[in-house]
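Just follow the structure's listing: the first ligand is 1, and inside any ligand the first atom is 1. Since the model is a prediction, treat every value here as computed from it, not as a measurement.
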Amino acid sequence: MSDNCIFCRIIEGTIPSKKVYEDDDILSFEDIHPAAPVHVLVVPKKHIESLEAVNPDNVDYVAKAHLAIQKVAKAKQINTGGYRVIVNCGKDGGQTVPHLHYHVLGGTVFTEKII
Ligand code: 5GP
Ligand code: ZN
């Protein structure tokens, strides 16, 4: 846990969130400013600053986050139609909350292609 991290506060429950999925290692909750009809954040309960802070000791959280993404997609009924997952990393990647998180976006057809 990091004292001044918004997502650590959400994980400990001192900042409320609309939970979508939770297990021992992962919390998923609705983004406060949704960018799509479905916009859920998937967050490891361990404070990992970004993808750049993933290492052999904490990489299991990445696998667990990916399994949680599937649970979120099913709960939101976007698993069959499909969805988009985004991870912003660092300043140039547009990351604003320095706690690793996956944006799960869906409920619409994404026509614009970045890659
Ligand atoms: P980033 O820009 O770091 O990739 O994504 C951070 C995301 O966290 C943004 O989409 C923003 O709307 C969301 N966010 C920031 N503060 C809060 C909060 O207090 N509660 C929730 N539910 N989402 C938040
Ligand atoms: Zn944190």
Query - Proximal protein residues to ligand 1, non-hydrogen atoms under 4.0 angstrom - result: Ile6, Phe7, Ile10, Phe29, Glu30, Asp31, Ile32, His33, Leu41, Asn88, Gly94, Gln95, Thr96, Val97, His101, His103

Report task. Enumerate the protein N/O/S atoms at a distance below 2.8 Å from the Zn ion (ligand 2), ignoring waters. Result -> Cys5 SG, Cys8 SG, His47 ND1, His99 ND1

Query - Inter-residue atom distance Phe110.CZ - Leu105.CG, 0.5 Å rounding - result: 5.0 Å

Query - Under 3.5 Å: donor-acceptor pair, side chain of Ser50, backbone of Cys89 - result: no

Report task. Would you give the length of the straight line joining atom CD of Glu12 to atom CZ of Phe7, rounded to the nearest 0.5 angstrom? Result -> 14.0 Å

Query - salt bridge (Lys or Arg N to Asp or Glu O under 4.0 Å) partners of residues 45-71, not counting sequence neighbours, each pair once - result: Glu22-Lys45, Asp25-Lys64

Query raised in the report: Would the number of heavy atoms belonging to other residues, nucleotides or ligands and lying under 6.0 Å from CD of Gln77 be above 12?
Result: no

Report task. Rounded to the nearest 0.5 Å, what's the gap from OG1 on Thr108 to CD1 on Ile78? Could you check? Result -> 11.0 Å

Report task. Nearest 0.5 Å please: distance from the NE2 atom of His101 over to the CD1 atom of Ile48. Result -> 13.0 Å

Requested in this report: Would you please name every residue forming a ring-ring contact (aromatic ring centres under 6.0 Å, His included) with His47, sequence neighbours left out?
Outcome: His99

Query raised in the report: Is a donor on one side and an acceptor on the other found under 3.5 Å between the side chain of Asn88 and the backbone of His103?
Result: no

